[in-house]
Colleague: 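Got a structure for you, written out below as structure tokens; questions coming shortly.
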Amino acid sequence: MPELPEVETVRKGLARFATGFTISSAQGLHPRVLKLASLAALDAVEGARIKEVNRRGKFLWFVLDRDLALVAHLGMSGQFLFPRKDRPEPGHVRARFGLKKGLKRQELVFSDQRTFGWLSVEELSDGVPTSAAHIAVDPFDFAFDREAVIAKMSSRKAAIKSVILNQEIMSGVGNIYADESLWRAKIHPEIPANELSAKKIGVLLDAATQVMAEAVEVGGTSFDAMYINVNGESGFFETSLAAYGQEGEPCPRCGRQIRRIAFGNRSSHFCPKCQVR
DNA sequence: GGAAATGTTTACCG
DNA sequence: CCGGTAAACATTTC
């Protein structure tokens, strides 16, 4: 469950339940769990204390009391889970961490069905891990420069949907929130970005920020004390989706049927009446 | 059996 | 070199 709101939900859960714990053990259990660029194997973080858990866009990392950070990307299906005896064992466990704080001990696992996610051990520079250095700040970062992003987007000739998905211009938006933002801003996904007014792109940015903020809020409530519910199937925000996955359903604004068109390897969902090309 | 699924990186082309 | 597009990665589900 991996766009900004989902990653933020995971980050919050990790920050709440893992901060202050020392990593007593760390082991990779799958040959591809460790990113190739990782400076070391996972056991390099053993003995480190977790100071905080940070995020930029869809990248997240544990800040440790040493010069290395434990970085994670959830890919398409990555999850961090605190297993509990009264819950089913997590499947597809790719890495396992033992955490301790005083007498408290708990386990944290990284699970990933499709193995597009990864972990790595990296240095931070200006507080950001190497693998996320090229990722632009997301709209919730204090350094987010709305006008600069609008200017950058306005110069692109590619379809606006590709542009808002480009993590090097603005990070955090994935296929779901791209479709939702475009629907809210009443913009057809295939319009070249440079044909939109700066004002219209501003509307789109605000829509993206707002829809992700709303999703983060709902994500927070689906949380359960010792278990991070990052299961996409539970769909905490699914009931609020206006466009994504709504092919054939009435547009909540005008009633026209939502359409689905091919977009690269994926799909775009939009209202043919509200979002005119 | 085919298609599609929340993402990123790399290769390739103009 | 830049912008843009397509493919590759792997697994599961419908």
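Letters A, B, ... are given to chains in the order of the sequence lines, protein chains preceding strands, and every chain is numbered from 1. The basis for the numbers below is simple: all heavy atoms, side chains too, and nothing from hydrogens, waters or symmetry mates.
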Colleague: According to a strict under-4.0 Å criterion, is Arg114(A) in side-chain N/O contact with OP1 or OP2 of dT12(C)?
Modeller: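 Looking at the OP1 and OP2 atoms of dT12(C), neither is under 4.0 Å from any side-chain N or O of Arg114(A).
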Colleague: Within this structure, what is the CG-to-P distance between Asp112(A) and dA10(C), rounded to whole angstrom?
Modeller: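 Going from Asp112(A) (CG) to dA10(C) (P), I get 12 Å.
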Colleague: Taking CG from Asn166(A) and P from dT5(C), how many angstroms apart are they, rounded to a whole number?
Modeller: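 Asn166(A) atom CG is separated from dT5(C) atom P by 11 Å.
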Colleague: Please list all pairs passing the salt bridge (Lys or Arg N to Asp or Glu O under 4.0 Å) test where one or both residues lie in residues 159-175 of chain A, with sequence neighbours left out.
Modeller: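 Every pair satisfying salt bridge (Lys or Arg N to Asp or Glu O under 4.0 Å) with a residue in residues 159-175 of chain A: Lys161(A)-Asp179(A).
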Colleague: Which parts of residues 191-214 of chain A get close to DNA chain C, meaning a heavy atom less than 4.0 angstrom away?
Modeller: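 None, since no heavy atom is under 4.0 Å.
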Colleague: Nearest whole Å is fine: how far is dA5(B) P from Leu74(A) CG?
Modeller: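 Result: 20 Å.
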Colleague: With sequence neighbours excluded, tell me which residues meet salt bridge (charged side-chain N to carboxylate O under 4.0 Å, His left out) with Glu214(A).
Modeller: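 Scan of Glu214(A) (salt bridge (charged side-chain N to carboxylate O under 4.0 Å, His left out), adjacent residues dropped) gives Arg184(A).
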Colleague: Measure from the side-chain heavy atoms of Phe116(A) and tell me the nearest of dG4(C), dT12(C), dC9(C).
Modeller: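 Looking only at side-chain atoms, Phe116(A) lies closest to dC9(C).
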Colleague: Just grab all the salt bridge (Lys or Arg N to Asp or Glu O under 4.0 Å) pairs involving residues 242-255 of chain A, residues at least two apart or on different chains.
Modeller: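 Only Glu247(A)-Arg260(A) qualify under salt bridge (Lys or Arg N to Asp or Glu O under 4.0 Å).
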Colleague: Per the salt bridge (Lys or Arg N to Asp or Glu O under 4.0 Å) rule, what does the pair list look like for residues 136-147 of chain A, sequence neighbours excluded?
Modeller: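 Sorted pair list: Arg55(A)-Asp138(A), Arg146(A)-Asp206(A).
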Colleague: Which listed nucleotide (dT5(C), dT11(C), dG3(C)) is nearest to the side chain of Gln113(A)?
Modeller: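 Of dT5(C), dT11(C), dG3(C), dT11(C) is nearest to the side chain of Gln113(A).
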Colleague: What residues form a side chain to side chain contact (heavy atoms under 4.5 Å, CB included) with Ala158(A), not counting sequence neighbours?
Modeller: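 So Ala158(A) forms a side chain to side chain contact (heavy atoms under 4.5 Å, CB included) with Ser162(A), Val163(A).
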Colleague: Measure CG/Leu36(A) against P/dC9(C) and give the value in whole Å, please.
Modeller: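 Distance, rounded to whole Å: 14 Å.
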Colleague: Provide, to the nearest angstrom, the distance between the CE atom belonging to Met76(A) and the C1' atom belonging to dT12(C).
Modeller: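 For the pair Met76(A) CE and dT12(C) C1', the rounded distance is 12 Å.
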Colleague: For the residue pair Ile150(A) and Gly202(A), what are the closest heavy atoms and their distance?
Modeller: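 The answer is CD1-CA, 3.7 Å.
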Colleague: Any idea which of dT12(C), dG4(C), dA5(B) is nearest the His92(A) side chain?
Modeller: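 Selected nucleotide: dT12(C).
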Colleague: Measure CZ/Phe263(A) against C1'/dA6(C) and give the value in whole Å, please.
Modeller: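 Result: 12 Å.
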Colleague: List in chain and number order the residues that pass side chain to side chain contact (heavy atoms under 4.5 Å, CB included) with Ser25(A), two or more places apart in sequence or in another chain; answer none if no residue qualifies.
Modeller: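 For Ser25(A) the side chain to side chain contact (heavy atoms under 4.5 Å, CB included) partners, ignoring immediate neighbours, are Glu46(A).
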Colleague: With a 3.5 Å distance limit and no angle check, can you tell me whether Thr19(A) reaches the backbone of Arg16(A) through a side-chain donor-acceptor pair?
Modeller: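 No, because the side chain of Thr19(A) does not come within donor-acceptor range (under 3.5 Å) of the backbone of Arg16(A).
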Colleague: Could you spell out the base pairing of DNA chain B as a dot-bracket line? Use Watson-Crick and G-U wobble contacts where both distances are under 3.5 Å, [ ] for crossing pairs, | for partners on a different strand.
Modeller: .||||.||||||||
Colleague: Tell me whether the count of non-hydrogen atoms from other residues, nucleotides or ligands lying under 6.0 Å of CG in Asp65(A) goes above 12.
Modeller: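 Yes, because the 6.0 Å sphere around CG of Asp65(A) holds more than 12 heavy atoms from other groups.
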Colleague: Could you pull out the protein-nucleic contacts involving nucleotides 8-12 of chain B (nitrogen or oxygen on both sides, under 3.5 Å)?
Modeller:
residue, atom, partner, partner atom, Å
dT8(B), OP1, His73(A), NE2, 2.9
dT8(B), OP2, Lys58(A), NZ, 3.1
dT9(B), OP2, His134(A), NE2, 3.1

Colleague: Could you pull out all residues at least two apart from Arg49(A) that satisfy salt bridge (charged side-chain N to carboxylate O under 4.0 Å, His left out)?
Modeller: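 Per chain and number, Arg49(A) pairs via salt bridge (charged side-chain N to carboxylate O under 4.0 Å, His left out) with no residue.
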Colleague: Can you find a side chain N or O atom of Ser77(A) that sits less than 4.0 Å from OP1 or OP2 on dT11(C)?
Modeller: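 Negative; the distance criterion is not met.
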Colleague: Going by the salt bridge (Lys or Arg N to Asp or Glu O under 4.0 Å) test, which pairs reach into residues 105-130 of chain A, not counting sequence neighbours?
Modeller: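 Matches after skipping sequence neighbours: Arg96(A)-Glu107(A).
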Colleague: For Ile23(A), give me all partners under side chain to side chain contact (heavy atoms under 4.5 Å, CB included), at least two apart in sequence or on another chain.
Modeller: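 Ile23(A) satisfies side chain to side chain contact (heavy atoms under 4.5 Å, CB included) with Ala26(A), Val45(A), Ile50(A), Leu64(A), Phe97(A), Leu99(A) once adjacent residues are dropped.
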Colleague: Can you figure out which of dC9(C), dT5(C), dA5(B) approaches the side chain of Ser162(A) most closely?
Modeller: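 The nucleotide sitting nearest to the side chain is dT5(C).
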Colleague: Nearest-Å distance, CZ (Arg156(A)) to P (dT5(C))?
Modeller: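 So the two atoms are 11 Å apart, to the nearest Å.
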